[in-house]
Amino acid sequence: MPKLIKERVPTPERPVEERVKDFGEVNLGYTFELAVKEAERCLQCPANYAPCIKGCPVHINIPAFIAKIKEGDIKGALRIIWNDNTLPAITGRVCPQEDQCEGACVVGKVGQAVNIGKLERFVADYARKHGIEEELLCEFEEKCTGELGKVAVVGAGPAGLTCAGELAKMGYKVTVFEALHKPGGVLIYGIPEFRLPKEILDHELAKLKRLGVEIKTDHVVGKTVTLEELLQEYDAVFIGTGAGTPKLLNIPGILLDRIYSANEFLTRINLMKAYEFPEYDTPIAVGKKVIVIGAGNTAMDAARSALRLGCDVTIAYRRGEEDVTARIEEVEHAKEEGVKFLYFVQPVEFIGDEKGKVKAVKFEKMEPLEERDSRGKRKIRPTGEYVTVEADTVIIAIGLEPNRIISEEAGIKTNPNGTLVVDENLMTSVPGVFAGGDAIRGEATVILAMGDGKKAAKAIDEYIRAKKASA
Amino acid sequence: MGYKITAKEDLSPIDYFVEVEAPHVAKAWKPGQFVVFILHERGERIPMSVYKAEDGKVGMFIRKLGKTSLQLYHEYKPGDELWSFVGPLGKPIKVKNYGRVAFVSDAVCGHAENRATLKVMREAGNYTISVQTFEDREKVYPTRFLAREVADEYYLTTLDGSVGIKGHYLDVVRELIEKDRVDVIFAGGSLRNLAKLAELTRPYGIPTYATVRQIMVDGTGMCGSCRVLYDGEVKFACRDGPVFDAHKIDWEDAIRRNYERFSEQERLAKERYLEYLRAKGVI
């Protein structure tokens with residue numbers, strides 16, 4: 001039995017005063033020595049029991065890969081992770097580990113949970129930098145014959161890319177159709193550079209190309225090409241179009257200038273690099289005092305991005321601190337960097353100046369009740385008291401819903417909220433058309449989308465095999 | 001990646017025509033829909049109306065207005081490539097036999113849509129009326145780029161009267177209405193005049209559809225930049241439009257949002273680019 005070490009080995013981070021001035025990555029990750037030291041904290045629960053494996057949406061054999069780190073066998077660790085997750089450099093950075101693997105960790109019951117996320121990231125980063133990944137990739141490459149059939153994937157986000165990668169490894173020829181000019185989906189337009197450097201994503205995309213996956217950007221399925229056309233050319237289709245349509249507040253003043261959806265704000269900054277305007281052509285217009293409405297990961301990303309543009313930023317949330325939905329690390333980073341929080345306030349009106357620019361937000365104060373809702377959050381009720389807070393820029397980050405372009409064009413059955421209806425094999429109402437990720441979940445996480453992509457790949461493989469057998 | 005420019009020529013001292021090889025877009029495009037292009041890796045996403053889409057090529061009318069349109073004009077020639085070209089986006093207009101259909105336009109994108117729309121309307125059996133307004137004789141496009149050939153009835157107007165009828169399309173529309181000569185009106189161009197058109201036709205109950213140009217990023221409903229108030233509800237011009245019932249649009253907000261939101265940045269980028277052109281001796 002290893003000795004229990006309650007305290008985590010800290011990961012180096014860039015100092016606050018330095019990092020708020022640019023968009024470079026905040027957390028620097030473990031070095032080899034630090035990773036081995038942290039790996040030694042793992043109690044090595046047996047695989048049939050390990051709560052961390054159960055807590056992981058794609059069931060990575062966590063104790064096994066951590067054991068390999070302890071041995072210094074990074075290639076072995078990566079091989080284990082790749083069995084279930086081919087994008088560990090990404091998930092290691094963006095998963096809400098505290099709600100998943102780390103939240104279930106036995107060590108966490110008495111001290112700090114093993115830092116599984118950072119160890120996963122370490123394996124991916126170390127393997128990439130030291131040519132280890134390349135060796136492993138060569139082993140995979142041989143299997144990617146593309147001979148089993150042709151599959152079209154719609155949307156180059158986490159679900160689509162995972163599905164494409166899995167199918168390619170099985171021996172399918174995969175073409176991914178992406179509406180934007182760059183692949184990545186939320187990984188490129190949503191998550192900022194300081195949390196997920198674009199070079200990491202570029203590397204993962206290059207990996208997919210090595211496996212024979214073709215990505216066609218500038219193609220909006222449902223507009224440029226119809227689903228029916230795809231079904232004529234491909235044996236099956238996977239839809240991973242995400243939840244890309246922003247919810248806006250239906251309150252007076254929503255059309256005032258400098259009120260952005262978080263999607264617009266983040267897309268301008270991340271995808272279009274508006275923070276480098278005029279070196280890059282896409283502009284962004286912000287004032288000095290920004291209010292971000294909402295307290296999820298997107299709200300934190302928007303708030304910290306605004307901070308890096310030199311703004312004073314306040315997050316306004318209708319619930320309390322305990323119900324903030326963002327990853328703990330992001331909330332901590334936001335606080336360290338100087339983002340302020342205003343709780344129990346619900347916006348009721350945006351107030352504009354004579355030029356049509358927002359100048360203040362009127363909120364109704366909310367009060368918490370003892371009762372909790374189905375998600376375990378405390379219910380809140382309006383108090384009838386109002387407070388007006390000055391702001392010259394507002395970013396609305398209250399959630400997203402699926403884009404309906406493809407479901408409307410192809411007549412795929414949807415739920416009232418726009419999510420696609422799927423069966424237990426993730427097949428939609430259109431035979432041969434599968435879906436996963438936020439397109440079926442509404443709004444979830446990168447890892448759940450990837451889990452769906454993987455599950456759908458298996459179902460697609462079975463579907464095509466059965467179809468070809470009966471033909 | 002890369003979409004080859006196959007033709008480029010002047011329409012007037014302020015507007016030009018560009019044609020791009022983009023078979024994926026040309027095949028699917030229908031009148032009413034638009035495209036989005038990016039010039040180069042550091043470029044912005046620019047939504048643009050379509051003049052025609054045939055033989056795998058998409059033609060557009062562009063005004064030398066901001067940094068991107070100036071750069072495309074001065075630095076790109078046939079054979080060069082645009083970095084990104086996506087579409088068709090937005091909803092096509094409903095093509096059917098309305099009876100007497102007019103398209104009125106007073107600016108670059110509107111002129112592109114004028115010909116494109118009336119061409120299909122005529123094919124659908126409509127009597128087509130085209131009205132195109134230019135500032136003065138110098139700004140009038142070469143005849144083959146006008147909507148004359150697809151119109152059963154054609155009016156060219158200039159604000160100063162140097163060629164054609166003196167006045168604006170609004171004056172011609174007023175006359176058409178008074179003589180009960182039009183059943184439905186489509187329109188494109190300056191938002192301020194589209195707003196006036198909506199007020200002009202409203203009392204007569206003449207269905208009026210206008211292309212509501214708004215600042216966009218993705219053009220697929222992802223960012224909400226192009227939101228407009230339509231019949232009291234928030235709609236996205238890219239996804240729910242860009243052609244809307246002109247009588248239901250809140251024009252004041254639409255006009256302000258399109259012209260003011262990034263005016264400071266747009267001015268800065270343009271000045272900086274003009275400075276660059278001057279330094280290179282191009283202008």
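Within every chain, numbering begins at 1; the chains are lettered A, B, ... in the order of the sequence lines, protein sequences first and strands thereafter. Bear in mind the structure is a predicted one, so any value in this text is a computation, not a measurement.
Neither the backbone nor the side chain of A:Phe265 comes within contact range of chain B, judged by heavy atoms closer than 4.5 Å. Using a 4.5 Å cut-off between heavy atoms, B:Phe262 touches chain A through its side chain atoms alone. Looking at A:Glu279, the atoms closer than 4.5 Å to chain B (heavy atoms on both sides) sit in the backbone and in the side chain alike. When heavy atoms are compared at a cutoff of 4.5 Å, B:Ile38 approaches chain A solely by way of its side chain, counted from C-beta outward. Of the atoms belonging to B:Arg239, it is side-chain heavy atoms, and not backbone ones, that fall under 4.5 Å from chain A. With a threshold of 4.5 angstrom between heavy atoms, B:Glu252 does not approach chain A through any atom at all. Residue B:Val36 does not touch chain A at all, counting heavy-atom pairs closer than 4.5 Å. Heavy-atom distances place no part of B:Tyr273 under 4.5 Å from chain A, backbone and side chain included. If you measure heavy-atom distances from B:Lys27 to chain A, the contacts under 4.5 Å come from the side chain alone. Both the backbone and the side chain of A:Ile254 come within less than 4.5 Å of a heavy atom in chain B. Using a 4.5 Å cut-off between heavy atoms, A:Lys357 makes no contact with chain B at all. For A:Thr224, the parts lying near chain B are the backbone and the side chain together; criterion is any non-hydrogen pair under 4.5 Å. A:Glu229 touches chain B through its side chain: at least one heavy atom from C-beta onward sits under 4.5 Å away, while N, CA, C and O do not.
Listed options B:Glu264, B:Glu260, B:Arg261 were ranked by heavy-atom pairs under 4.5 angstrom with chain A; first place goes to B:Arg261. No other option in B:Glu266, B:Lys67, B:Glu233 has as many heavy-atom pairs under 4.5 Å with chain A as B:Lys67. Looking only at heavy-atom pairs under 4.5 Å with chain A, the residue among B:Ala269, B:Gly224, B:Pro88 that has the most is B:Pro88. Considering only heavy-atom pairs separated by less than 4.5 Å from chain B, the leading option among A:Thr245, A:Thr282, A:Leu255 is A:Leu255. Ranked by non-hydrogen atom pairs under 4.5 Å with chain A, the options B:Asp250, B:Thr220, B:Leu268 are led by B:Thr220. Among the candidates B:Gly43, B:Ala28, B:Gly66, the residue making the largest number of heavy-atom pairs closer than 4.5 Å to chain A is B:Gly43. For chain B, the option among A:Leu266, A:Ile284, A:Thr226 with the highest count of heavy-atom pairs below 4.5 Å is A:Ile284.
For the pair B:Arg192 and B:Tyr259, the distance from NZ or CZ to the six-membered ring centre is under 6.0 Å and the angle to the ring normal is within 45 degrees. A:Lys150 forms a cation-pi arrangement with A:Tyr234, by the criterion of a distance under 6.0 Å to the ring centre and an angle within 45° of the ring axis. The side-chain tip of B:Lys8 points at the ring of B:Tyr73 from less than 6.0 angstrom away and within 45° of straight on. Cation-pi check for A:Lys216 over A:Phe177 is not met; the charged atom does not lie both under 6.0 angstrom from the ring centroid and within 45 degrees of its normal.
Between A:Arg441 and A:Asp438 there is no salt bridge, since none of the side-chain N atoms of the basic residue sits less than 4.0 Å from a carboxylate O of the acidic one. The pair B:Lys196-B:Glu199 does not meet the salt-bridge criterion, since no charged nitrogen lies less than 4.0 angstrom from a carboxylate oxygen. The pair B:Arg272-B:Glu275 does not count as a salt bridge, with every side-chain nitrogen at least 4.0 angstrom from each carboxylate oxygen. Salt bridge absent: B:Glu44 and A:Lys273 never bring a charged side-chain N and a carboxylate O closer than 4.0 Å.
Side-chain atoms of A:Asp218 never come within 3.5 Å of backbone atoms of A:Glu178 as a donor-acceptor pair (strictly under, hydrogens ignored). The backbone N or O of B:Gln33 sits less than 3.5 Å from a side-chain atom of B:Trp29, completing a donor-acceptor pair.
B:Tyr3 and B:His24 have parallel rings, their planes meeting at less than 30° on a 0 to 90° scale where 60° marks the start of perpendicular.
A:Phe23 has its ring centre less than 6.0 Å from the ring centre of A:Tyr275.
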